[in-house]
Amino acid sequence: MTAFDEMMAGDGTRPPYAEFHRWLSGQPDDLLVTKSSDAEEVFRRTGITFAVYGEEQATERLIPFDILPRILSAAEWARLAAGIEQRVRAINSFLHDIYHRQEIIRAGIVPLDLIATNDAFLPQMIGLTPPGGIYTHIVGTDIVRTAENEFQVLEDNCRTPSGVSYMLENRETMMQLFPELFIQNRVEPIEDYPKHLRRSLAAARPQRTTDHPTVAVLTPGVNNSAYYEHAFLADQMGVQLVEGRDLRVVDGHVAMRTIEGYRRIDVLYRRIDDDYLDPLSFRPDSVLGVPGIMDVYRAGKITIANAPGTGVADDKAVYSYMPDIIRFYTGDAPILSNIPTMRCSEPDTLAHVLDRLDELVVKEVHGSGGYGMLVGPAASSAERAAFAEKLKARPANYIAQPTLALSTCPVLTKAGLAPRHVDLRPFALVGDGIRIVPGGLTRVALKPGSLVVNSSQGGGTKDTWVLRDGPGGTATAAASAPGIRFPAPQQPDFPDPAAAPAPPSQTEAGQ
Amino acid sequence: MTATRTILLGRTADGLFWMARHIERAEAMARLIDAGLHMALTRGAAEANWRSVLDSAGMAGAFAARHGEAEGEPDPAAAIDFLLRDPDNPSSVSNALTQGRTNARMVRTALSRDAWEAVNEAWRRVSADLARPVPEANLPAVLARVKQATALIRGMVENTILRTPGFQFMRLGLHLERADTTARILDVKYYHLLPSSSWVGSALDQTQWDSLLRSVSAHKAYKWLYDADISAANTADFLILNPRMPRSLAFCHAEISAALDQLARDCGARPPCHDEADAIRRMLTERDIDEVFEEGLHEFLVGFLADNARLAAGIARDYRFTE
């Protein structure tokens, strides 16, 4: 299976990589190795690490960062962005429909069973319209590429998608390590993500709140593997990072315990699962959530982002209907296609899948993080036999997809540059409109030939560039155009040094 | 446009307070080991008094629980390792720093990037230094790095953090911990180490006193302020009542009062712990050292430690550290 390489096409360099490749060819051999260890040092110093459960604190891990950027052209990105926006709109319409009149089921587009047997469906949400009608405020859409013009959606993450802090820190680190690259290439900035996030969350505030709602990020705590991201986002937005033990319901509002007493919260960006949100409504043993928050929510006095019950839309069985869902709610054909997906719940399909296990990828319907899946071609016959038993025992729990030749990008290995498979997770924000910062998190399978990019399975990340419009998006091409990115300092901005008094100097001893 | 008033979570105040306490504790522990080492170097290993160092650190009981009750002098390597890096000793340098860093991680959003990185770097470097037992020859360098790393944290906090209430809680934690440490060291030296109370005020073992002052980095300063000969009354005056000595009880409580006053201004309220702090402050400013000795130094210090602990609990209560 030959994969499409995003940097090298045949003998030539693909246009988005032209400028970068020229630069790369002129660098001394050991530079990348040195810069790579510099990058690791930056991550460790900043504390962008996660504790591995059950291990000592001193063994905090980094998600491996590969220093070669993944580069997309403006045109490629424009299509991706349009496709993601369409998908996100359809998903929010779908969620509203599912928890209200269920027109899509009446119309026979999706079967009732798909919803009725879905663990992520929350009866508590029936008939409840969240503030602004928004269900999923932050969406991570996993996209894979198989050819020059073939981008496909692998998965929609509508609950609490993570990874955006790595997107931002990867860029920050790259700009520190290779400032010259950002002068040569016109890369779309992404640093406004936290500002957009805060604005979107504020826009989704409950009715009858002030124009300056109080926003907070809810984390399970320092031991959570994504804690760094929770703290990072709260810090970047300038909002409080709260835990369940800081919160309680006071006078019909969710409030946080400050040194001066309880203060009301209007919008809660929660990074805990539905199950843990409210021990009175869901898991009674949860200490991570807020007892009674669902009552406040029903009364329309708090925005929970993402809304409870959004998981019903990112289930892999629902995914298989996504093209129909998009057509139903938007009236248009999907801009981004799905990967052909076989539902093992259908008996004929099951037989077909069992027959061809060595060619297919089989996933659990509710699985995530790369767990519980079988990559047929890479598995041993014993592994396939064991998986077949699980499949036969609970067919509805699985879907199957063809094994795709995911595109590759070069990564730095001990033996020099080598191609590895990648995917892409852009982040869409829904508030007063839909915002998508250009790029996203590129995840890369670091093991040779591996198709599993999840960090829990040995995957790493890369900085992702979207070039601005123009041939190759390079500064060389744009230099003749007006608006060079780094203007020469203008005289009036720099006061004459003679105008300011010199700093006082120490008088000589003895004077 | 006026900036909105900052909100500080009670849990964040708690985290900042304890971050500062743990980091101060790590440093104090390093100073105590340093003083013990100096004693060993000047008096010879045979006479080195690691028992007194364990006593000063309040760790004699924990050490005995770990290594068994034994008469006489403990094995120096075991004592050093216990104070420096024993995972079962909650106040070992390595545990104190780890707890300081865990608290810092919890309150990451209340710290500047510089301050957080200083804490994280201190923890990383010291953890690497303490990953395995430290040979005696490397000890001075390792201890110096602990002191430098913790000083860098204080510097970054001082220079890069807004003077919002969060800052005052770090200031409170640091000075409550420091006052506590100084009082303990002093009490141990006077009460536990003297053969009998009749020795109080008499010509004393100069090495013991030199070591005491060294453990609070004050052996030189003392000589500038008092006689070259070290006396019990002067040492006590220096470490308890001298407002210019940055590790004295009086100095620490001046800082505590200043931090609480600023909190009262920021919050527009003056909860009861402020009165408890005032009472301690008066006790340290309205008497001289002779009156302290009349009361009995040990009784005075024990009373102070209890007041100090009560104040810490009062701050936690009044500022809603926990529910």
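All chains are named by letter (A, B, ...) in the order of the sequence lines, taking the proteins before the strands, and each is independently numbered beginning at 1.
- The candidate with the highest count of non-hydrogen atom pairs below 4.5 Å against chain B, out of Thr214(A), Val242(A), Thr46(A), Thr219(A), is Thr46(A).
- Environment of CZ in Arg163(B): crowded, with over 12 heavy atoms of neighbouring residues, nucleotides or ligands closer than 6.0 Å.
- Residues Leu241(A) and Arg108(B) form no side-chain contact, since every pair of their non-hydrogen atoms from C-beta on lies 4.5 Å or further apart.
- With contacts defined as side-chain heavy-atom distances shorter than 4.5 Å, the pair Arg257(A)/Glu323(B) qualifies.
- The shortest non-hydrogen separation linking Arg105(B) to Thr49(A) is NH1-O, 4.3 Å.
- Note that the CD atom of Glu243(A) and the CZ atom of Arg11(B) stand 3.5 Å from one another [nearest 0.5 Å].
- For the atom pair Gln240(A) CD and Leu8(B) CG, the distance stands at 7.0 Å (nearest 0.5 Å).
- Looking only at distances, a side-chain donor or acceptor of Asn120(B) sits under 3.5 Å from a matching main-chain atom of Arg44(A).
- Gln176(A) CD: more than 12 foreign heavy atoms inside a 6.0 Å radius.
- The contact between Tyr227(A) and chain B is made entirely by side chain atoms (from C-beta outward), counting heavy-atom distances below 4.5 Å.
- At most 12 non-hydrogen atoms from other residues, nucleotides or ligands lie less than 6.0 angstrom from CG of Asp251(A).
- When heavy atoms are compared at a cutoff of 4.5 Å, Pro165(B) approaches chain A solely by way of its side chain, counted from C-beta outward.
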Do any side-chain atoms of residues 312-321 of chain B form donor-acceptor pairs under 3.5 angstrom with protein atoms, and if so which ones, sequence neighbours left out?
{"unit_1": "Arg317(B)", "atom_1": "NH2", "unit_2": "Glu276(B)", "atom_2": "OE2", "d": "3.3"}
{"unit_1": "Asp318(B)", "atom_1": "OD2", "unit_2": "Cys273(B)", "atom_2": "N", "d": "2.7"}
{"unit_1": "Tyr319(B)", "atom_1": "OH", "unit_2": "His274(B)", "atom_2": "NE2", "d": "2.8"}
{"unit_1": "Arg320(B)", "atom_1": "NH1", "unit_2": "Ile259(A)", "atom_2": "O", "d": "2.8"}

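- Note that the CZ atom of Arg245(A) and the CG atom of Leu9(B) stand 10.5 Å from one another [nearest 0.5 Å].
- To the nearest 0.5 Å, the span separating OG1 on Thr109(B) from CE on Met237(A) amounts to 11.0 Å.
- Looking at Gln236(A), neither its backbone nor its side chain comes within 4.5 Å of chain B, counting heavy atoms on both sides.
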